[in-house]
Amino acid sequence: MTLDVKTLAAIDVGTNSIHMVIVQIKTSIPSFSVIESEKATVRLGERCAQTGNLTEDAMKRSLEALKRCQEICRTQKVEEIVAVATSATREAPNGLEFIRRIHEELGLHIEVISGQEEARRIYLGVISAMELKDEPHLLIDIGGGSTEMILGDGRDPAYLSSTKIGAVRLTDLFITTDPVSQTEYDRLLGYVLGSIERPTDDVRSLLISQNIKSLKAIGTSGTIETLAILHSKEKTGLVPNPLQGYEIPFADLENIVWRLRRATLDERTAMVRQKRAEIILAGALILLETMRLLGIPKITLCQSALREGLVVDWMIRHGYIEDGWRYQSSVRDRSILKLADKYSIDTRYAKQVADHALSLFDQTKGIFHEWGDDERHLLWAAAMLHNSGHHISHDAHHKHSYYLIRNGELLGYTESEIEAISNLARYHRKSEPKKKHDNFQRLGNERLKLFVRQASTFLRLATALDRRKIGAIAEIRVVCNPRTRACNLQLTPQQANDPCTLELWSLDYKKQPFEAQFNVTLSVSLE
């Protein structure tokens with residue numbers, strides 16, 4: 001294999017099925033082509049009615065499917081696997097245990113991503129496969145447990161939403177009769193309309209504000225692909241290969257839904273394949289009503305979505321794509337600064353604290369720790385947002401910071417990265433991380449817990465170094481003696497005659513966690 005070709009697998013653990021694509025990435029261009037794909041219908045969304053937990057059977061089916069994926073990866077000599085889990089795992093009380101179990105039994109690391117982040121990566125997947133020509137398009141992805149809507153023209157997405165309605169979820173909630181009774185259909189329709197009201201209103205407002213008269217739409221996922229196959233078979237007697245770009249007019253979709261709601265399960269199975277027949281009506285109804293509310297005349301199928309988006313995201317993270325807005329760091333940085341603005345954070349002060357924290361991180365790297373660029377970025381993000389809790393109140397603001405960051409819908413991050421940023425902010429003052437803290441336990445793996453224990457001490461020292469919020473300290477020099485475990489912070493004040501009394505007192509007060517984590521004695525001197 002040549003040096004500029006990498007083989008990567010992307011796995012999406014969804015509510016209805018587990019999908020995998022294996023791609024060869026030509027890093028010099030950069031571009032990728034799919035060389036293998038795998039799909040297993042595991043129905044992870046069939047959760048326990050009493051507890052909402054993922055069931056043992058569903059988890060076993062998923063583990064088996066993931067094991068098969070791993071075997072295919074070995075055969076194809078895959079160098080790296082990127083895997084994410086979406087709404088079923090995200091919402092289940094035992095979702096994190098399921099992720100841990102996958103890691104323990106298969107050694108496979110899976111990241112849980114938020115609905116907004118799922119939408120962003122679907123968008124990346126679509127624009128890797130379709131040219132939007134700077135024209136606004138609505139992207140609709142109907143999954144088993146959630147529906148994502150994205151408004152974009154090929155550049156920065158103008159709108160991202162994730163709604164808790166999907167083909168499996170709605171079928172489980174509303175459909176028990178065969179064919180579906182009028183009462184159940186009416187309840188299903190009412191629920192769909194109630195759920196899509198807000199995202200469609202948001203999209204309509206954006207279109208009006210930008211004076212956009214007509215909207216093109218792209219559909220991704222199994223529901224829309226199934227409807228495209230059915231439509232094509234009935235219109236032409238055959239299924240085009242590939243299906244990419246296939247169009248379904250609104251009037252034809254309306255006719256298909258009308259027939260699906262009157263058909264028995266056996267009749268639906270004659271129209272589409274068995275496993276999809278059970279859930280197709282609910283999925284088709286979401287699509288139909290979204291198109292109706294937004295006056296969309298036809299939907300175009302795109303066969304690239306979340307999995308391809310994972311590939312593009314990986315390429316961006318590894319610096320193979322540096323195309324304007326899409327460059328990963330800018331997505332993340334902008335997302336942090338947007339949240340800082342939302343919570344009225346003094347960004348001048350936050351940047352000062354971030355600079356101090358990163359200076360301590362950089363100067364102790366290779367001596368006290370071996371954390372890399374990814375962790376360095378998480379520390380920066382936490383430093384920028386550590387005071388967000390003041391938005392609620394000064395008392396216990398570190399705890400409020402945790403909650404606000406955790407639920408702030410940061411883009412460009414996995415759930416575990418958001419959890420790490422939130423925890424770092426939580427521990428910039430007061431108590432150190434403890435096993436009994438729920439937020440600390442949510443970190444999931446020991447490596448992240450160690451990172452938070454260690455990096456939070458840099459943030460504590462950094463906040464002490466700017467105690468008066470006036471940028472009193474111009475420079476920090478860290479002098480370590482690994483043999484005697486002595487560490488000296490040599491501080492240069494901004495003003496030559498400033499004794500920095502409050503900063504020195506604060507450092508003395510806050511240094512203990514740093515000393516304990518790295519087993520050192522910390523002394524401070526003013527240059």
Describe, in one word, how the ring planes of Trp505 and Tyr509 are oriented to each other, choosing from parallel (under 30°), tilted (30 to 60°) and perpendicular (over 60°).
parallel
Residues that Gln70 engages under side chain to side chain contact (heavy atoms under 4.5 Å, CB included), provided they are two or more places apart:
Arg74, Leu106, Leu108
What one should report as the nearest heavy-atom pair of Glu118 and Ser87 is OE1-N, 4.5 Å
Decide, yes or no, whether a salt bridge links Glu111 with Arg121 under the criterion of side-chain N to carboxylate O below 4.0 Å.
no
Verify side-chain contact (heavy atoms from CB on, under 4.5 Å) between Val311 and Val82, making sure each step is shown before the conclusion.
CA-CA 8 Å; Val311 175; Val82 184; over 6 Å; no
Mind checking what makes salt bridge (charged side-chain N to carboxylate O under 4.0 Å, His left out) contact with Arg477, not counting sequence neighbours?
none
Parallel, tilted or perpendicular, as decided by the 30° and 60° cut-offs, for the rings of Phe368 and Phe514:
perpendicular
Aromatic ring proximity Tyr427/His437, centre distance under 6.0 Å:
yes
Sorted by chain and number, sequence neighbours left out, side chain to side chain contact (heavy atoms under 4.5 Å, CB included) with Glu46 holds for Arg43, Arg61, Asp172
What closest approach, in Å, do Pro493 and Cys500 show between heavy atoms, and which atom pair accounts for it?
CB-SG, 3.8 Å
Would you call Arg468-Asp498 a salt bridge at under 4.0 Å N-O?
yes
Using the benzene-type ring in the case of Trp, are the ring centres of His356 and Phe458 under 6.0 Å apart?
no
What verdict does the side-chain contact (heavy atoms from CB on, under 4.5 Å) test give for Glu432 and Arg460, after you've listed the backbone C-alpha separation in whole Å, the side-chain angles of each residue and the deciding distance to 0.1 Å?
CA-CA 10 Å; Glu432 292 175 61; Arg460 279 172 191 264; 4.0 Å; yes
Are the side chains of Leu424 and Arg426 in touch, meaning some heavy atoms are under 4.5 Å apart?
no
Are the side chains of Leu44 and Phe98 in contact, using a 4.5 Å heavy-atom criterion?
yes
How close do Gln76 and Thr7 get, heavy atom to heavy atom, and via which atoms?
O-CG2, 3.9 Å
Closest non-hydrogen contact found for Leu461 with Lys510 is CD2-O, 4.1 Å
Compare every heavy atom of Ala425 with every heavy atom of Ile405, then report the nearest pair and how far apart it is.
CD1-CB, 3.5 Å
When every non-hydrogen atom of Ala65 is compared with those of Ala40, the smallest separation belongs to CB-CB, 3.7 Å
side-chain contact (heavy atoms from CB on, under 4.5 Å) assessment of Asn488 paired with Gln490:
CA-CA 6 Å; Asn488 180 243; Gln490 297 175 358; 2.9 Å; yes
I would like to know whether His428 and His397 meet ring pair (Phe, Tyr, Trp, His ring centres under 6.0 Å); could you show each step before the answer?
CA-CA 10 Å; His428 82 271; His397 71 264; 5.4 Å; yes
I'd like to know whether the aromatic ring centres of Phe361 and Trp371 sit less than 6.0 Å apart in this structure.
no
